[in-house]
Engineer: 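Please read through the structure below; I'll follow up with questions.
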Amino acid sequence: MAFKIGFTAETEDNTVSYIESESVNVNTQPKRSVVEIYFEKRNMTLSYYNDRFDLKLGDLVYVEGKLEGMLGVIRDINYNFKIKISDYKRVIAVVDRSVSGEFFMAGSHFVSFDRQALPYRKILAFFKAPEEEYDDFISGSDGSGFSLGNLSDLNVPDAISERGYEYYVENRVLFICIDAGKGRAIVEGRDIYEVEFEFSGGQIKSLTCSCFCSNICKHEFAVMLQLRETLGMIEKNYSGAFEKSDYFSAIRKSVLFNFAIDGKKSGSFTLGQ
Ligand SMILES: [Zn+2]
């Protein structure tokens, strides 16, 4: 079963009003505003200054300051204002919620074989403010691997495997993708964790997690369980699709709905056979 999501772009008209001048002055500067942002996690609304984005009501944003890294939603936008700039923190990123592509049912997750449908960085931004630089981290690997089919070979301590199993059952593995053998996953724990690995012929290598664990952690173990399940479903129901594209991504159903569908005022999707 597959469905397509194809939304007509919401063209809130940003066209510059025609000025009585022959030169068409295309204003690329975003309109400065003071916005009211609601932070669900704190149940509070605060004001921020914005000079970087063309914000719309309902946009999901990240800000600087004390609530840095916390997702907020734009509740009000004021274009007429006078503020003391030093009193205000700014909006630093807007989440791109546009998603389009073909998705297939795979248990708790939707799967796509289209690289454009769910790019990793875009999905990560649903949960974490984009970092300016991605090269702050360095990782190493001893080159040893293990078989995804024999996770018991890993000799993971019971406490870790049990917590990892709970994470897996609770669908805390929000996203996984494998692109040309390079795997990435996003796991929801106390924080958001990024797990990376290499995948080839059923073997996993270079498994790392952003929780800075030195041995295998519950996040990694949960990802392995989710990966095993998802690959099993792909093989059973969409045989050959992963091999053909050398790519798949899987996203928890509720994540796709929360971000890509909630808040849309128009558009449609089709459920296939
Ligand atoms: Zn971890």
Side-chain angles (χ1 to χ4, degrees), residues 41 62 68-71 95 106-111 118-200 202-233 247-256 258-259:
K41 274 190 183 166
Y62 290 102
E68 190 175 334
M70 197 172 284
L71 198 60
V95 175
S108 51
H109 289 57
F110 293 126
V111 162
L118 301 167
Y120 181 71
R121 290 285 161 207
K122 185 189 265 191
I123 306 305
L124 187 62
F126 291 176
F127 306 101
K128 263 177 87 167
E131 287 164 27
E132 295 291 325
E133 293 188 16
Y134 298 132
D135 56 359
D136 287 348
F137 300 98
I138 190 159
S139 61
S141 167
D142 60 8
S144 66
F146 60 89
S147 164
L148 190 62
N150 279 315
L151 292 178
S152 54
D153 289 357
L154 281 172
N155 289 321
V156 179
D158 285 352
I160 301 290
S161 61
E162 280 163 22
R163 285 297 288 142
Y165 183 76
E166 280 171 29
Y167 269 40
Y168 157 69
V169 171
E170 290 165 5
N171 288 322
R172 286 169 176 267
V173 181
L174 306 175
F175 180 80
I176 306 184
C177 66
I178 296 180
D179 188 348
K182 173 71 187 171
R184 288 195 160 91
I186 301 169
V187 182
E188 183 180 41
R190 204 175 302 168
D191 205 342
I192 289 292
Y193 297 97
E194 292 176 71
V195 171
E196 296 188 9
F197 54 92
E198 284 165 29
F199 177 81
S200 173
Q203 294 285 309
I204 302 286
K205 273 188 187 173
S206 307
L207 183 60
T208 61
C209 178
S210 60
C211 75
F212 301 112
C213 52
S214 49
N215 293 313
I216 191 160
C217 66
K218 58 192 173 190
H219 313 114
E220 293 170 344
F221 197 74
V223 169
M224 293 301 107
L225 292 170
Q226 185 62 58
L227 179 63
R228 197 170 65 178
E229 180 197 304
T230 303
L231 285 176
M233 287 188 178
Y247 173 89
F248 88 86
S249 55
I251 190 163
R252 192 174 83 183
K253 283 177 179 170
S254 59
V255 170
L256 190 69
N258 286 346
F259 285 89

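One-based numbering, in listed order, for ligands and for the atoms of each. These numbers were taken from a predicted model, which means no experiment stands behind them.
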Engineer: Taking all non-hydrogen atoms of both residues into account, name the closest pair between E188 and R252 and its distance.
Structural biologist: OE1-NH1, 3.8 Å

Engineer: For K122, which residues count as a salt bridge (charged side-chain N to carboxylate O under 4.0 Å, His left out) partner, sequence neighbours excluded?
Structural biologist: D96

Engineer: Using the test salt bridge (charged side-chain N to carboxylate O under 4.0 Å, His left out), find all partners of D179 that sit at least two apart in sequence or belong to another chain.
Structural biologist: R115

Engineer: Hey, would you say the F197 and F146 ring centroids sit under 6.0 Å apart?
Structural biologist: no

Engineer: Filter on salt bridge (Lys or Arg N to Asp or Glu O under 4.0 Å), then keep only pairs touching residues 145-167, sequence neighbours left out; what's left?
Structural biologist: R163-E166

Engineer: Decide yes or no for Y62 and V95: does some side-chain heavy atom of the first lie under 4.5 Å from some side-chain heavy atom of the second?
Structural biologist: yes

Engineer: Which protein atoms of type N, O or S are found under 2.8 Å from the Zn ion (ligand 1)?
Structural biologist: C209 SG, C211 SG, C217 SG, H219 ND1

